[in-house]
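Notes follow the structure.
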Amino acid sequence: MSPTKNKGTDRVMTDSHKGTDRPARSLTIGALSRATRIPAETLRTWERRYGSPMPERKPSGHRLYPSTSVERLRRVARLLSHGHRPGELLQLSTRELDRLLSLAEPPPRASGHSPNPADLVADGVEESLVAMLRASKELDRESLVREMRVNWIRLGPLRFLDELAGPFMLALGKAWREQGLDIRHEHFASACITGFLREIREPYDHAAKGPRVAAAMLPGDRHEGGLLMACALVAIRGCRILYLGPDTPVDQIAAAAVSGSVAAVAVSVSAAVPRSRAGNDLALLREALPSRMPLWVGGSGAPDPPPGVERFQTLAGFDARLSTWV
Ligand code: B12
């Protein structure tokens, strides 16, 4: 018998296990595939691409999965049929998958009254915002990230950014002033959300093959949340991102755009940048870029755009522009 950590525990006998001395509570890839109806090739692709489900290996190199994988992957399969993506689902625990399933497949209601789905979602968003602010106040990273992850999947990218991530950043600023949140809470929550916005982009960044977009903020501006939100949409549209990030001198943005095979430049301007300075910087940047290279700008501090600069007031508008541009 192969010496594995499962030795000696109860056995779960699948057809393929009968009569073998395989360790308890483990399945071959074939048995897992039959039990979940997920093709073995797909399981191998997910392992390679997302690191999940991650099997143990027999000395022969064959894969062995714990039997708990069956229930988890059955949930994943159900959620895939509701349009969720494997890269997102495979990061979640069984409990989180259950929560998503309860949203995707609500139990039938006793009365004939069916609620307006838009109301249900709106209610959920409000609750999530409250939960996220509470988690920020308690410096509870796990809850904060879980809330974001579940909503990212539930609402989809655009609605998540528009209805939850953006309003959360604004609520954070408000709560900082009015509801006893302190600088540490705000820094903590900003770090969690910017980390999350980078993390969700990763699978898209890996797969991106489209034109390259440089993303930056003007000198002195360190408010990165809006730029990361715009970048998530850019990545989802299949573009590659050259991320220069906060506080970048104008000549450096231009140099990177020219030397880095970039097809467009996106700049985010927060409310902390005086509008006249932002206007001057953007005009300088426009001049330094090749005349046909699009220069996109957004953010609550974005000034009236100088000639040749496109300003976006909503993420939906930006996404629509990206869809035709790509
Ligand atoms: C988080 C935060 C911080 C964090 C930033 C952390 C980080 N890594 O991003 C930290 C702690 C660093 C910080 C520092 C400061 N902050 Co601050 N901060 C905020 C807060 C709470 C959220 C900012 C944010 O991320 N907004 C992101 C989104 C929600 O805002 P948005 O710009 O409207 O963007 C939306 C769209 O426009 C779009 N978008 C954005 N960019 C782009 C780009 C493109 C291309 C497209 C298409 C779309 C797009 O996406 C968003 C989606 O809704 C705001 C509160 C507020 N009301 O914004 C204060 C706020 C911006 N900060 C403020 C201040 C004063 C400061 C400090 C000066 C404080 C200090 N004394 O040190 C410093 C300045 C730092 C600097 N040099 O920039 C003030 C600015 C007021 C003003 N008019 O001057 C604000 C408004 C708070 C307040 N009411 O007092 N801050």
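Worth saying up front: this structure is predicted, and the values here are computed from it rather than measured. Order of appearance sets the numbers: ligands from 1, and atoms from 1 within every ligand.
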Begin from the C-alpha positions of V234 and F318 and carry the test side chain to side chain contact (heavy atoms under 4.5 Å, CB included) through to its verdict. CA-CA 9 Å; V234 171; F318 183 53; 3.8 Å; yes
Under 4.0 Å, heavy atoms only, figure out whether ligand 1 is touched by the backbone of [X], its side chain, both or neither.
{"X": "A230", "result": "side chain"}
{"X": "S300", "result": "both"}
{"X": "L315", "result": "side chain"}
{"X": "H187", "result": "side chain"}

So, are D304 and R275 salt-bridged, with charged N and O less than 4.0 Å apart?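 Looking at R275 together with D304, the answer is no, because their closest N to O distance does not fall below 4.0 Å.
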Hey, is R74 close enough to E71 for a salt bridge, meaning N to O under 4.0 Å?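 So R74 pairs with E71 through a salt bridge.
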Judged on heavy-atom distance to atom 51 (C) of ligand 1, which of E163, R275, M229 sits nearest?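 The residue whose heavy atom sits nearest atom 51 (C) of ligand 1 is M229.
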Nearest to atom 43 (C) of ligand 1 by heavy atom, P167, A191, A302, G298: which?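 Nearest heavy atom to atom 43 (C) of ligand 1 lies in G298.
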Please could you name the atoms of ligand 1 that [X] approaches to less than 4.0 Å, counting only its heavy atoms?
{"X": "G220", "answer": "76 (C), 77 (N), 78 (O)"}
{"X": "F312", "answer": "47 (C)"}
{"X": "M169", "answer": "1 (C), 21 (C), 22 (C), 24 (C), 25 (O), 29 (C)"}
{"X": "D221", "answer": "78 (O)"}
{"X": "G299", "answer": "32 (O), 34 (O), 37 (O), 39 (N), 40 (C), 41 (N), 42 (C), 49 (C)"}
{"X": "G225", "answer": "9 (O), 25 (O)"}

If you link I, L, V, M, F, W and Y whenever their side-chain heavy atoms are under 4.5 Å apart, who else ends up in the same group as M293?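 L218, L242, L244, V250, I253, V262, V265, V267, V269, V273, L282, L284, L285, L289, L295, V297, V309, which link up through side-chain heavy atoms under 4.5 Å apart, make up the rest of the cluster.
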Spacing of F188 atom CZ and I193 atom CD1 [to the nearest 0.5 Å]: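 Separation between the atoms: 11.5 Å.
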I need the full list of side-chain hydrogen bond (donor to acceptor under 3.5 Å, both in side chains) pairs touching residues 287-302, with sequence neighbours left out, sorted by first then second residue.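 Only W296-E310 qualify under side-chain hydrogen bond (donor to acceptor under 3.5 Å, both in side chains).
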Contacts of atom 17 (Co) of ligand 1 with protein N/O/S atoms, counting only those under 2.8 Å: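 The answer is H223 NE2.
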Judged by modelled atom types alone, do R154 and N151 share a side-chain donor-acceptor pair under 3.5 Å?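 A pair is found: one side chain offers a donor N or O, the other an acceptor, under 3.5 Å apart.
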Side chain to side chain contact (heavy atoms under 4.5 Å, CB included) evaluation trace for M169 with M229: CA-CA 11 Å; M169 296 300 274; M229 290 182 211; 4.0 Å; yes
I'd like to know if L161 contacts ligand 1, where contact means a heavy-atom distance under 4.0 Å to any ligand atom.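 L161: no contact with ligand 1 (<4.0 Å).
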Are there more than 12 heavy atoms of other residues, nucleotides or ligands under 6.0 Å from atom CZ of R49?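 No, the 6.0 Å shell around CZ holds no more than 12 heavy atoms from other groups.
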Is [atom] touching the protein, meaning some protein heavy atom lies under 4.0 Å away?
{"atom": "atom 1 (C) of ligand 1", "result": "yes"}
{"atom": "atom 79 (C) of ligand 1", "result": "no"}
{"atom": "atom 87 (C) of ligand 1", "result": "no"}
{"atom": "atom 72 (O) of ligand 1", "result": "no"}

Can you check whether L181 reaches K137 side chain to side chain, under 4.5 Å on heavy atoms?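 Sidechains of K137 and L181: in contact.
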Looking only at distances, can you tell me whether any N or O atom of S190, backbone or side chain, sits closer than 3.5 Å to an N or O atom of ligand 1?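 No; the residue has no nitrogen or oxygen that sits under 3.5 Å from a nitrogen or oxygen of the ligand.
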So L322 and F312, side chain to side chain contact (heavy atoms under 4.5 Å, CB included) or not? Walk me through it. CA-CA 11 Å; L322 284 173; F312 296 91; over 6 Å; no
Going by side-chain contact (heavy atoms from CB on, under 4.5 Å), name the residues that satisfy it together with S33, two or more places apart in sequence or in a different chain.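 If we apply the side-chain contact (heavy atoms from CB on, under 4.5 Å) test to S33, skipping adjacent residues, the hits are A40, L43.
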Taking the six-membered ring of Y65 as reference, does the cationic atom of R72 (NZ for Lys, CZ for Arg) lie under 6.0 Å from its centre and within 45° of its axis?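 No, a cation-pi geometry is absent between R72 and Y65.
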Looking only at non-hydrogen atoms, find the nearest pair between A235 and Y204 and report the distance.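 Taking every non-hydrogen atom into account, O-CB, 3.6 Å.
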Quick one, T28 with H62, criterion side chain to side chain contact (heavy atoms under 4.5 Å, CB included). Give me CA distance, side-chain angles, the key distance, then yes/no. CA-CA 8 Å; T28 62; H62 289 101; over 6 Å; no
